2 protein chains.
Amino acid sequence: MMLDLVQVQGFVAVAEELHFGRAARRLNLTPSPLSRQVQALEHALGTPLLDRSSRSVRLTPAGQAFLGEARRLLDGARNAERVARQVARGEAGPVRLGYTAASALGVLPRLVAAIRSEMPGIDLVLEEMVTAEQVEALAARRLDLGLLRPLAPDLAPEVEGVRIAFACLARERLLLALPDDHPLCRRGHVSLRELDGQPFITWSPRGGTYFLGLLANIFRSAGVAPRAVQRVNQTHTMLALVREGIGLALVPESARALRTEGVVLLPLRPETDQRAELLLGWREGDNHPALARLRDLALTQQVLSDQQT
Amino acid sequence: MMLDLVQVQGFVAVAEELHFGRAARRLNLTPSPLSRQVQALEHALGTPLLDRSSRSVRLTPAGQAFLGEARRLLDGARNAERVARQVARGEAGPVRLGYTAASALGVLPRLVAAIRSEMPGIDLVLEEMVTAEQVEALAARRLDLGLLRPLAPDLAPEVEGVRIAFACLARERLLLALPDDHPLCRRGHVSLRELDGQPFITWSPRGGTYFLGLLANIFRSAGVAPRAVQRVNQTHTMLALVREGIGLALVPESARALRTEGVVLLPLRPETDQRAELLLGWREGDNHPALARLRDLALTQQVLSDQQT
DNA sequence: TTTCCTTACGCCTATCGTAAGCATA
DNA sequence: TATGCTTACGATAGGCGTAAGGAAA
């Protein structure tokens with residue numbers, strides 16, 4: 001019913017040596033069981049593979065054709081074994097990584113580059129999702145890792161009994177984005193007080209829940225209340241609207257990577273301790289073989305990231 | 001040491017059903033040995049493939065990766081089996097066919113076309129050789145079939161204990177080739193008598209032994225003795241020299257296929273019973289699976305060939 | 001007579017099914 | 001408590017090595 005690879009291996013050895021004795025020695029066997037192996041294989045295939053007289057062994061046409069298939073088969077078996085071992089050791093295999101649109105500006109490209117160079121066997125599958133989607137996808141095992149923002153503190157990091165663990169990868173200041181011809185632009189920094197009543201572009205609830213909270217904290221602690229004039233989903237849209245003079249915005253420092261012409265990013269005065277955190281998330285207790293190494297790699301990346309910002 | 005395909009098959013069944021009971025039923029087994037098969041496989045690979053609690057079965061990353069390899073492996077095994085059977089039945093496989101340069105004009109193309117349409121699984125390997133080389137190559141198993149000329153009668157069709165068998169595929173008249181401005185060209189035929197003393201292009205010993213004998217027979221029985229002015233190897237060279245007026249030549253009727261401008265091919269008068277025979281040759285007792293069918297096909301071709309000449 | 005593929009025989013290991021064990025929802 | 005994966009156990013089948021058989025040079 002199913003080919004026996006031991007028999008196939010025996011046949012290949014005999015076909016290569018054209019001599020049962022030598023082939024048997026190569027396989028640490030006596031000629032007797034080897035002969036029976038080949039016979040059993042021939043019986044299973046319903047056709048002779050070897051033409052043997054007591055003085056010579058030759059391949060039949062069927063044997064010649066089968067030899068090629070057999071070698072491929074044995075190579076395939078060895079390869080399958082290797083693949084399983086490598087994936088188990090975390091040296092290879094697919095890893096599904098979720099990321100938020102904003103993380104694509106700073107951390108993601110560096111992380112991907114580091115993985116490609118340090119763990120070349122890993123086959124990264126990237127999927128852009130907002131934080132909530134990532135948490136759900138992690139729990140449902142549709143993702144192995146996520147680059148995401150902190151959940152609201154009242155949301156338990158647990159979905160259907162699966163706990164999600166987090167580690168902080170980067171803490172970014174928020175910068176004020178304003179058109180380069182804006183009056184506040186003269187000095188190199190802007191006081192929070194001056195933002196009161198200013199038109200502001202903020203985040204839409206979809207995707208920007210975390211930033212909405214962050215902005216609210218900053219404004220509340222400074223006692224100012226800008227006017228929200230527009231809600232958007234993505235940082236680059238936000239900067240584009242700023243450039244058009246629609247309003248001001250607070251964006252994470254990694255937005256510098258967008259290098260938007262006509263928009264200036266200034267630090268706030270006084271400094272606030274509010275930081276936009278970017279987290280790495282994974283299933284707690286996940287036995288994904290590459291996970292530990294990937295996490296170490298990501299944390300190394302975090303240091304680099306801090307040095308560069 | 002070597003993967004066991006039965007275990008692999010067991011794993012694939014469980015991986016597809018995610019349930020030992022159903023998978024076992026599919027394999028006509030009880031869950032017990034199936035569980036042991038998967039365990040043995042995991043032990044051989046040195047890593048778990050399945051994550052089983054008593055209520056659910058899931059693939060580990062290594063199992064996920066191995067599943068793909070395993071499916072390929074099982075497909076490969078089934079394919080290897082199929083290939084061996086097909087070659088054994090003569091439905092597929094490589095066949096090495098030798099042919100003489102002259103046979104490429106008439107029989108070979110028709111034979112190749114017939115094989116391609118009637119036995120599409122056959123992978124024809126063509127090799128141009130003169131008759132003696134073909135006989136040697138057949139004996140040495142470097143060829144399976146040969147399109148060749150008769151050996152000299154004193155040469156036994158046996159090389160190193162291997163007898164070569166022959167069957168006649170085509171018997172061709174020899175035609176006189178002469179330039180279209182030659183005086184003998186006026187009538188539609190030429191008497192053998194008129195060839196006495198004429199300049200003649202004949203065959204070089206390499207390659208043309210058979211034709212040399214045939215020409216000698218024809219001229220001797222007619223009591224004429226043309227002058228050999230040039231010896232060549234190939235029919236088309238012969239016709240080219242005829243066109244240049246170097247001399248006359250006797251060529252097999254299939255040379256009409258060359259349609260050489262400026263050269264006329266005329267029958268001899270009186271008709272001689274000398275024919276250029278084209279033979280099919282093979283090892284006597286050869287068990288090549290496709291041989292019998294190929295021989296039948298070639299003999300069918302012979303009939304066609306006679307009708308067309 | 002030698003070589004070497006094959007068959008016969010006894011031993012041992014492996015795999016099956018039945019039945020009991022045990023964890024989880 | 002029911003489901004379902006796993007382990008225990010006895011029977012059988014299959015594979016190994018040793019030794020004898022048999023065909024070809």
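All chains are named by letter (A, B, ...) in the order of the sequence lines, taking the proteins before the strands, and each is independently numbered beginning at 1. Just so you know, these numbers come straight off a predicted model, no measurement behind them.
Among the heavy atoms of the strands lying under 4.0 Å from B:R55 is at least one base atom, whether or not backbone atoms are also near.
When distances run from any side-chain atom of B:P33 to the nucleotides C:dC16, C:dT7, D:dT6, the shortest one goes to C:dC16. When each of D:dC9, D:dT3, D:dG17 is scored by its nearest atom to the side-chain atoms of A:S32, the top-ranked nucleotide is D:dG17. Distance from the side chain of A:Q37 is smallest for D:dC16 among the nucleotides D:dC16, C:dG17, C:dC4. With distances taken from any side-chain atom of B:V57 to the nucleotides D:dC5, D:dT6, D:dG15, the minimum falls on D:dC5.
The interatomic distance linking B:L29 (CG) with D:dC5 (C1') rounds to 15 Å, in whole Å. One can place CZ of A:R22 at 14 Å from P of C:dT3, the figure rounded to the nearest angstrom. Between the C1' atom of D:dA24 and the CG atom of A:D51 lies a distance of 14 Å, rounded to the nearest Å. Nucleotide D:dT6 holds its P atom 16 Å from the NE2 atom of B:H43, rounded to whole Å. Rounded to whole angstrom, the span from the CD atom of B:E42 across to the C1' atom of D:dT6 amounts to 12 Å. Atom CG of B:L18 is separated from atom C1' of D:dG4 by 14 Å (rounded to the nearest Å). Distance, B:F20 CZ to D:dT7 P: 10 Å, rounded to whole Å. One can place CG of B:L41 at 16 Å from P of C:dA14, the figure rounded to the nearest angstrom.
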| query | Yes or no on side chain to side chain donor-acceptor pair (under 3.5 Å) for B:T60 and B:D51, after CA distance, side-chain angles and deciding distance? | reply | CA-CA 6 Å; B:T60 63; B:D51 205 357; over 6 Å; no
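With respect to A:R85 and A:E91, no salt bridge is recorded, no charged nitrogen being found less than 4.0 Å from a carboxylate O. Using a cutoff of 4.0 Å between basic side-chain nitrogens and carboxylate oxygens, A:E16 and A:R26 are scored as salt-bridged. Using a 4.0 Å cut-off between charged side-chain N and carboxylate O, B:D75 and B:R78 make a salt bridge.
For the pair A:Q39 and C:dT7, the criterion of a side-chain N or O lying under 4.0 Å from OP1 or OP2 is met. For the pair B:S35 and D:dT6, the criterion of a side-chain N or O lying under 4.0 Å from OP1 or OP2 is met.
Residue B:R36 places a side-chain atom within donor-acceptor reach of the base of C:dG17, judged by atom type and a 3.5 Å distance cut-off alone.
If you check the side chains of A:R36 and A:S32, you find a donor sitting under 3.5 Å from an acceptor.
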